[in-house]
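In what follows, residues are counted from 1 in the order of the sequence shown.
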Amino acid sequence: MVAPVESVGTGRRPAARPGPVPWVAMYHSVGDCSEDPYRITVTPERLELQLAWLRRRGLRGVCLRELFAARARGEGRRLVGLTFDDGYADFLEHALPALRRWDCGATLFVLPGRLGGVNSWDPLGPRKPLLTAAGVRRAACEGVEIGSHGLTHVDLTRADDVTLKAEVTDSRARLAELIGAPVDGFCYPYGTVDERAVAAVREAGYTYACAIDPGPLTGPHALPRVHIGQNDTAWRLHLKHKLHRLRRRPVAGV
């Protein structure tokens with residue numbers, strides 16, 4: 001973030017201008033992608049190549065907590081946020097070892113209401129196992145930032161008030177109890193977001209929240225992300241990185 005500069009002759013200090021929009025990559029499952037109607041899976045081999053691409057460009061993947069802390073210090077221009085949605089069990093088997101090999105961190109958004117279950121919200125399947133409570137604790141102990149993806153993966157823009165509060169507030173409390181640490185981040189299921197959902201997330205005490213394309217909404221509780229999939233080779237990653245910075249306006253407060 002650019003430091004505020006005192007206005008000449010007025011004695012006033014204008015608000016700090018937002019810095020360049022952070023590049024935040026959105027992953028889901030890491031494993032077999034032979035049956036993948038929603039294109040949410042990358043193979044372990046593809047993830048390795050994508051992390052190698054980051055390092056060749058002098059970039060390093062980190063969790064969002066680290067990314068935002070660095071930006072608050074006026075640093076972090078070479079950091080990229082890595083996020084993994086839904087809390088698939090294959091994160092521990094395939095994603096975590098790759099992240100360790102490339103000295104990267106990540107934020108894992110999980111569903112405390114579906115621990116040990118499957119991704120039943122995807123009608124076309126295939127069914128993929130989700131992390132158990134023990135798996136989430138293990139990821140946290142390995143240094144992975146744990147964030148909330150809601151309780152059960154519902155579209156918050158269509159939820160009634162009771163459901164909205166449970167998905168946002170109760171999920172944070174349950175995760176904090178599970179890992180024994182504060183939960184700073186939230187991720188909107190399906191990437192859908194509106195002003196009501198943003199207000200609920202902010203009031204629940206989250207520091208930041210991720211969407212995909214938040215439209216006119218902006219700020220630390222409506223962060224845009226870039227979907228990364230199996231087809232994202234080095235050339236496609238280069239284009240996505242460039243286009244993200246050109247298309248996304250700076251985010252105030254980040």
Side-chain angles (χ1 to χ4, degrees), residues 1-3 17-30 33 39-85 88 90-92 94-109 139 142-147 184-185 187 191 207-214 218-220 222-254:
M1 183 181 296
V2 179
R17 292 176 295 165
V21 61
W23 202 61
V24 181
M26 176 181 67
Y27 286 94
H28 289 80
S29 174
V30 181
C33 63
R39 296 184 296 174
I40 63 167
T41 308
V42 298
T43 62
E45 295 78 14
R46 178 64 71 193
L47 177 61
E48 292 270 2
L49 291 172
Q50 291 166 345
L51 297 178
W53 176 86
L54 287 177
R55 300 317 298 264
R56 287 198 305 271
R57 295 184 61 84
L59 303 171
R60 185 168 70 90
V62 298
C63 71
L64 295 187
R65 181 184 290 137
E66 181 177 345
L67 174 64
F68 299 145
R71 289 172 67 91
R73 299 190 302 267
E75 304 168 358
R77 296 299 178 93
R78 308 303 294 175
L79 299 181
V80 171
L82 298 182
T83 63
F84 291 78
D85 289 10
Y88 290 101
D90 57 32
F91 178 86
L92 292 178
H94 298 308
L96 189 56
L99 293 168
R100 292 292 171 264
R101 278 191 288 273
W102 291 99
D103 189 28
C104 290
T107 299
L108 179 65
F109 292 113
E142 293 281 350
V144 176
E145 180 189 11
I146 303 299
D184 295 332
C187 174
T207 304
Y208 69 86
C210 294
I212 300 175
D213 182 357
T218 187
L223 296 167
R225 292 185 297 168
V226 178
H227 167 71
I228 305 296
Q230 179 66 11
N231 293 330
D232 286 317
T233 59
W235 177 240
R236 284 172 58 93
L237 288 173
H238 172 75
L239 289 177
K240 285 188 173 185
H241 189 249
K242 286 288 188 182
L243 289 174
H244 181 73
R245 290 183 174 272
L246 290 174
R247 291 176 176 176
R248 302 292 190 187
R249 62 186 183 277
V251 179
V254 175

| task | Could you check if a side-chain atom of H94 sits within less than 4.5 angstrom of a side-chain atom of L47, using non-hydrogen atoms only? | result | no
| request: Just jot down the ring-ring contact (aromatic ring centres under 6.0 Å, His included) partners of F109, sequence neighbours excluded, or say none. | output: none
| said: Please enumerate all residues that pass ring-ring contact (aromatic ring centres under 6.0 Å, His included) together with H238, with sequence neighbours excluded. | reply: W235
| said: Can you list everything that forms a side chain to side chain donor-acceptor pair (under 3.5 Å) with S29? Sequence neighbours excluded, please. | reply: D90, K128
| query | By side chain to side chain contact (heavy atoms under 4.5 Å, CB included), which residues pair with E45, not counting sequence neighbours? | reply | T43
| For R100, what residues pass the side chain to side chain donor-acceptor pair (under 3.5 Å) criterion, not counting sequence neighbours? | none
| note | Contacts of R73 meeting salt bridge (charged side-chain N to carboxylate O under 4.0 Å, His left out) (sequence neighbours excluded), chain-then-number -> E75
| task | Determine the minimum heavy-atom distance between R225 and A211, stating which atoms define it. | result | NE-O, 2.9 Å
| message | Quick one, L79 and R71 - any side-chain contact, counting heavy atoms below 4.5 Å? | response | no
| query | Does the side chain of L67 come within less than 4.5 Å of P22's, by heavy atoms? | reply | yes
| message | Counting C-beta onward and ignoring hydrogens, is there a side-chain heavy-atom pair between I212 and H227 closer than 4.5 Å? | response | no
| With A106 via side chain to side chain contact (heavy atoms under 4.5 Å, CB included) - residues at least two apart | L82, F84, L99
| message | Going by the rule salt bridge (charged side-chain N to carboxylate O under 4.0 Å, His left out), which residues pair with R57 if we only count those two or more places apart in sequence or in a different chain? | response | none
| query | What do the steps show when you test C187 against M26 for side chain to side chain contact (heavy atoms under 4.5 Å, CB included), and what is the final call? | reply | CA-CA 10 Å; C187 174; M26 176 181 67; over 6 Å; no
| task | Taking ring-ring contact (aromatic ring centres under 6.0 Å, His included) as the test, write out the residues that go with Y88, two or more places apart. | result | none
| Which residues satisfy the side chain to side chain donor-acceptor pair (under 3.5 Å) test with R101, sequence neighbours excluded? | E48
| request: Test side chain to side chain contact (heavy atoms under 4.5 Å, CB included) on D85 and C210 and set out the steps. | output: CA-CA 10 Å; D85 289 10; C210 294; over 6 Å; no
| Any sub-3.5 Å donor-acceptor pair from Q50's side-chain atoms to G229's backbone N or O? | yes
| Is T83 reaching over with its side chain to a backbone N or O of A25, donor-acceptor style, under 3.5 angstrom? | yes
| query | Does R236 have any side chain to side chain contact (heavy atoms under 4.5 Å, CB included) partners at least two apart in sequence or in another chain, and if so, which? | reply | N231, D232, T233, K240
| Which atoms form the tightest heavy-atom contact between R60 and D103, and what is the distance? | CD-O, 3.3 Å
| query | D184: what forms a side chain to side chain donor-acceptor pair (under 3.5 Å) with it, not counting sequence neighbours? | reply | R65
| remark: When every non-hydrogen atom of I146 is compared with those of A139, the smallest separation belongs to CD1-CB, 4.2 Å
| query | Between L223 and V24, is any pair of side-chain heavy atoms under 4.5 Å apart? | reply | no
| query | In terms of ring plane angle, is the pair F68 and Y208 parallel, tilted or perpendicular, where the classes change at 30° and 60°? | reply | perpendicular
